[in-house]
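Please read the structure below before turning to the comments.
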Amino acid sequence: MGLHKNQQGQNLNFTLVPKIGILTLFALLFSTCKVQDLAFQEGKTAKNVIFLIGDGMGLPHISAALYSNGNRLNLEQFTHTGFQRTYSANDLITDSAAGATAFACGQKTYNQAVGMTADTLPCRTILEELQEAGYATGLIATATIVHATPAAFATHQPLRWKYEDIAADLSDADVNLLVGGGQRYFDRRNQDERNLLEEMKERGYDVKSYLEGELSEAMLTRSEKLIYLAGDKHPLTRAAGRNYLPVAVQMGAFYLHRLNKKGFFLMAEGSQIDWGGHSGEGQLVIEETLDFDEAVGKALNFARRDGETLVVVTADHESGGMAINPGSEMGDVKAAFNHNGHTATMVPVFAYGPSAELFDGVYENTEIYHKMRAALGLPRVEAATAGTR
Ligand SMILES: [Zn+2]
């Protein structure tokens, strides 16, 4: 978030934060980590899950990023791949809210629903279940943290744009790590006078924002709960200076691991890939997908060293009906878009780590929920209201 720092001048007070070099920090953190070789056993259950969602990231988006990056992506390192069907309960074309709720609750719901079933009842999310079972939890996004995808894992609202209601839900959800934009929904609210950030401090949160310094410094906190707000509304694009997603995933995994709970569940979203699809900007899609892929690399590095972490990468849907048109060359992709919204094409799933083989095949988006639970050794639950209606 260097750009923000420059915009805000140089008088930032870092005296409360020890000046430890990032490399030193990682060396320290690694030394507390059980280092294993890559040979985790297939079929073994996972202790931790890092779930990475590229919003709107279909195969064309991945391919365009690949061909724009010297024909290399971290996504190539995954050992197991599948495809999932993204449709929601009321529309072949899902939105991000129903898509994220399918992953979070294992149920198809209507577009706009955040953590709610098709019958508008709150559904218990995998994050909430694991939190109750003693796991550490984290949510990271490059949109506001009250945006549909992160919101669906820890809040329950019938309509996704009720951002202030979502912020209020999130403020007492006790998620250990929250990173994203949207500060104004917490401390300058229209619908009431509450300052949710003050309330969160009282609940034990270390509250930090981009105005107070880099995320990497905020994450040195000794607190068991941290919210880092990376903007008043949506954070910048990667091209405009946002750089926290790979750092947040890398340090977030260490942060949650260091809490030494039963395990951890970390969801991180590359939120703005979708926006390139909506606006028909191929370059934005490529830059945001490469940023997301860098975060994927950080998650894989952690999982390789840890040996007990499942990494799952997918998208909630494809955005833009994107194509790589004739005239494209390696390093010079001519992207075209068929539509300014989402499409119903299947999207890929990538998995690495214990039980990654569960993610092979072709299945519904709701199966991601069931497969993550199975990977953690939890018995299957059958949702009463699953499926289309
Ligand atoms: Zn979208």
Side-chain angles (χ1 to χ4, degrees), residues 51-65 84-104 108-116 139-153 155 157-163 166 180-182 185 231 233-240 242 245 267-293 295 313-323 335-349 365 368:
F51 183 30
L52 302 169
I53 301 174
D55 196 312
M57 187 184 73
L59 274 178
H61 308 62
I62 294 169
S63 308
Q84 46 113 342
R85 307 179 185 106
T86 63
Y87 63 88
S88 71
N90 70 334
D91 200 326
L92 194 65
I93 317 296
T94 191
D95 75 340
S96 294
T101 302
F103 303 146
K108 300 264 188 191
T109 188
Y110 60 94
N111 288 2
Q112 313 281 359
V114 169
M116 303 284 273
L139 295 172
I140 297 166
T142 55
T144 70
I145 196 64
V146 296
H147 216 234
T149 305
F153 286 84
T155 75
Q157 291 293 333
L159 296 170
R160 60 180 288 177
W161 59 75
K162 302 192 117 196
Y163 296 130
I166 289 169
Y185 303 113
K233 289 187 175 175
H234 289 307
L236 302 171
T237 60
R238 173 70 187 230
R242 189 199 75 236
L245 181 63
M267 191 291 297
E269 181 195 33
S271 315
Q272 301 194 27
I273 300 166
D274 175 60
W275 303 356
H278 283 283
S279 61
E281 294 175 88
Q283 194 54 35
L284 179 56
V285 166
I286 290 165
E287 287 159 358
E288 292 294 328
T289 303
L290 289 176
D291 181 56
F292 180 72
D293 185 66
V313 181
T314 192
D316 44 3
H317 51 73
E318 194 273 351
S319 291
M322 184 176 170
F337 296 85
N338 178 47
H339 194 262
N340 65 1
H342 305 164
T343 73
T345 182
M346 291 196 291
V347 293
V349 184
N365 56 0
I368 303 274

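Start at 1 and go down the list; that is how both ligands and their atoms are numbered. In this chain, residues are counted from 1 in sequence order. A quick note: this is a predicted structure, and the numbers were derived from the prediction, not measured.
Under the 3.5 Å distance criterion, the side-chain polar atoms of H61 are matched with a main-chain donor or acceptor of G56. Under the 3.5 Å distance criterion, the side-chain polar atoms of D95 are matched with a main-chain donor or acceptor of A98.
Inclusion of D95 in the first shell of the Zn ion (ligand 1) is not supported: no N, O or S atom falls under 2.8 Å. Not a single N/O/S atom of H317, whether from backbone or side chain, sits less than 2.8 Å from the Zn ion (ligand 1).
Salt bridge R242/E287: absent, no basic N to carboxylate O contact under 4.0 Å.
The angle subtended at the Zn ion (ligand 1) by NE2 of H342 and OD2 of D274 is 150°, given to the nearest 10°.
Remark: the T149 side chain and the E269 side chain contain an N/O donor-acceptor pair separated by less than 3.5 Å.
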